[in-house]
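As the structure lists them, so they are numbered: ligands from 1, and atoms in each ligand from 1. One-based numbering along the sequence shown. Source: prediction; values computed, not measured. Both backbone and side-chain heavy atoms feed into the values below; hydrogens, waters and symmetry mates do not.
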Amino acid sequence: MSTPRNAAWNALSTLPQQTLAQLFAADADRVAKLTGTLEVGEGSMLFDWSKTHLSDALLDGFEALAEASDFAEMRRRLFAGEVVNPTENRAAEHSALRGVGKDASVEEAAALRARMALLVDAIHDGALGEVKHLIHIGIGGSALGPALAVDALAREFAKVDVHVVSNIDGVALEDAFRACDPATTLVAVASKTFTTIETMTNAASALAWLEDNGVPDPLGRVIALTAYPEKAVEWGVDETRVLPFAESVGGRYSLWSSIGFPVAVAIGSAEFEEMLAGAAIMDLHFRDTDGRANLALRAAFADQYYTRLKGCQTRAVFCYDQRLALLPDYLQQLEMESNGKSVTADGEAVDFSTSPITWGGVGTDAQHAVFQLLHQGTNLVPVDFIACIAPGDDLDPAHHRILLTNCFAQGAALMAGGNMSADGQDPARAFPGDRPSATILLDDLDPTTLGALIAFHEHRTFANAVLMGINPFDQFGVELGKVMANRIEKGGESFDASTEALLKAAGLAG
Ligand code: F6P
């Protein structure tokens, strides 16, 4: 179909392309032009996109694509709390939780947050008795953000020892039970809908565990985090321990709401606020910056270039920081559940690749496992490196120095290529080079920079969706599997021959 967006795409897709070596040779200012710095709290964050193939001409083309995609208007709607999720007729108000959004939503979120802070502070002050452990039960967006933030920020100084349990596999919950003393444990049940089978089954088992271990008033140890408070009350949680959030906050964007309760319990309410403040700095940058200077939009330009023009099916994220080990998992849901779509927001089938598969790991571990393919494999994989200038450890500075030099070496080697043999001719030792990467360098990892880093990825995901014309805020793709699981669980009907045979082999056939 001929639309302004398609016309803009067609125009940019025929632009001449250059190698990274050519791009660097032609422009002495390339690094400065494609590196943005954002002041965040006490430090800054640097976003170096110079080792991607974005040229001045391509950037012009992508800016034209953004204009043809009504990017400014879509972004205005996002921050105004207007409908940006047409299939569910909903706004997407995660930024309002951080103080950037529609006034009424910002006010409502602040009031809910103040209520959560009262409870968190009361817990820290001993109002619920001695609390040493918190078992946080949730799945998807109700678990991945809390798990990431707790792991990143509360390794050493956690006020309360938090265990995030998501899987229905009882092994996961039993692991948490083994690590906790029931007498000093609280249970948070986190579910936007308060109906998700994994979460409700785990919650019931956690309640039984408290009861079986002689904890008086087990329900009194439960805190519910949900957009449907009435369902939590119906389940038995006292209203005073139900922490609601707005329905207009999507599950995978909900870390900033009461779903972040375990983070506040682990690091403190004031520090949780700092995480939101860091995200708000990124919100304002994203809201108020146009064109290529907008860091998340520029990253989306490169994402679109690799996925749609170069046919890359995956993108990889390597954190050269152990504290960010869970970031790739978090980004998988954020990006793949948001943009893994085959139709546009208007319901038209797309004729291009939408979300790449997000994957990754930590450096330097990944170098000794998967980097072979990145350097010499046949798949072109755009890579993001994320690292911090300040070390997270107190050991010999050699640790952090080697970590960072390895990180920068990988980006340099991917780009430069070469041949490792003495005569430079051995094909097995040849590196093609010209492989792209981007680097995000944080001064330090703290609640503020983590908040900004996550918000950057939320906005990058949104920007990608707008450039493609798809709706990033629904997730019907996960529904069919859920419906099928319920039907199988219920029994009384037959399925395909393979599924029937598997059910029989597992002793589950009716
Ligand atoms: O099944 C996908 C999903 O709906 C995610 O989008 C969501 O984060 C997760 O399930 C958990 O949902 P809830 O918070 O309602 O339990």
Side-chain angles (χ1 to χ4, degrees), residues 84-85 87-94 97 112 116 135-150 164-169 172-173 187-207 222-235 237 242-263 326-341 354-355 358 454 457-458 461-462 465 470-489:
V84 286
N85 173 2
T87 53
E88 298 180 296
N89 197 28
R90 277 188 197 153
E93 297 199 275
H94 40 285
L97 301 169
L112 291 174
M116 175 167 109
I135 300 181
H136 174 90
I137 295 172
I139 198 163
S142 295
L144 290 162
L148 163 65
V150 169
V164 177
V165 177
S166 51
N167 203 349
I168 184 66
D169 186 341
L173 191 56
V187 173
V189 181
S191 174
K192 179 176 175 184
T193 54
F194 226 74
T195 56
T196 305
I197 189 157
E198 292 93 333
T199 300
M200 300 324 295
T201 307
N202 277 331
S205 295
L207 206 61
V222 176
I223 294 105
L225 322 169
T226 180
Y228 293 87
E230 64 287 356
K231 289 199 179 136
V233 172
E234 208 178 292
W235 194 78
V237 185
V242 177
L243 299 175
F245 62 96
E247 213 212 4
S248 56
V249 174
R252 55 191 170 276
Y253 300 87
S254 64
L255 168 64
W256 327 95
S257 71
S258 60
I259 295 294
F261 171 77
V263 185
L326 298 182
L327 185 67
D329 288 2
Y330 177 85
L331 294 180
Q332 281 188 328
Q333 187 202 19
L334 175 64
E335 299 179 359
M336 293 163 72
E337 198 169 85
S338 295
N339 289 345
K341 309 282 168 65
T354 55
S355 176
T358 310
I454 298 174
H457 285 96
E458 287 178 347
T461 303
F462 172 77
I470 65 175
N471 173 6
F473 297 117
D474 64 12
Q475 59 285 317
F476 294 112
V478 291
E479 292 307 319
L480 183 60
K482 278 193 205 170
V483 170
M484 192 69 93
N486 286 340
R487 281 169 52 194
I488 293 177
E489 170 80 9

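- Within ligand 1, counting atoms from 1 as listed, the ones closer than 4.0 Å to a heavy atom of V478 are 1 (O), 2 (C).
- Closest to atom 7 (C) of ligand 1, if we only count protein heavy atoms, is G141 N, 3.9 Å.
- Looking at T193 against ligand 1, both its backbone and its side chain come within 4.0 Å, counting heavy atoms.
- The backbone N or O of V249 lies less than 3.5 Å from a partner atom in the side chain of K192, making a donor-acceptor pair.
- Within the 3.5 Å criterion, the main-chain N or O of N471 finds a donor-acceptor partner in the side chain of K341.
- Among all protein heavy atoms, the one lying closest to atom 9 (C) of ligand 1 is I139 O, 3.6 Å.
- The shortest heavy-atom distance from Q333 to ligand 1 is under 4.0 Å.
- At a threshold of 4.5 Å between non-hydrogen side-chain atoms, the residues V237 and V189 do not count as touching.
- Looking only at heavy atoms of the protein, atom 12 (O) of ligand 1 is closest to T196 OG1, 3.5 Å.
- Polar contact with ligand 1: absent for Q475 (N/O pair, distance under 3.5 Å).
- Counting only heavy atoms of the protein, atom 5 (C) of ligand 1 lies nearest to E337 OE1, 3.4 Å.
- In terms of modelled atom types and a separation under 3.5 Å, the side chain of D474 and the main chain of T87 share no donor-acceptor contact.
- For atom 4 (O) of ligand 1, the nearest protein heavy atom (residue, atom name, distance) is K482 NZ, 3.8 Å.
- Note on E234 versus K231: no salt bridge recorded, every NZ/NE/NH1/NH2 to OD/OE distance being 4.0 Å or above.
- Checking each of Q333, E458, Q475, H94 against R252 for a side chain to side chain donor-acceptor pair (under 3.5 Å) leaves exactly one that passes, namely Q475.
- Checked by atom type and distance alone, the side chain of N339 never pairs as donor or acceptor with a backbone atom of T354 at under 3.5 Å.
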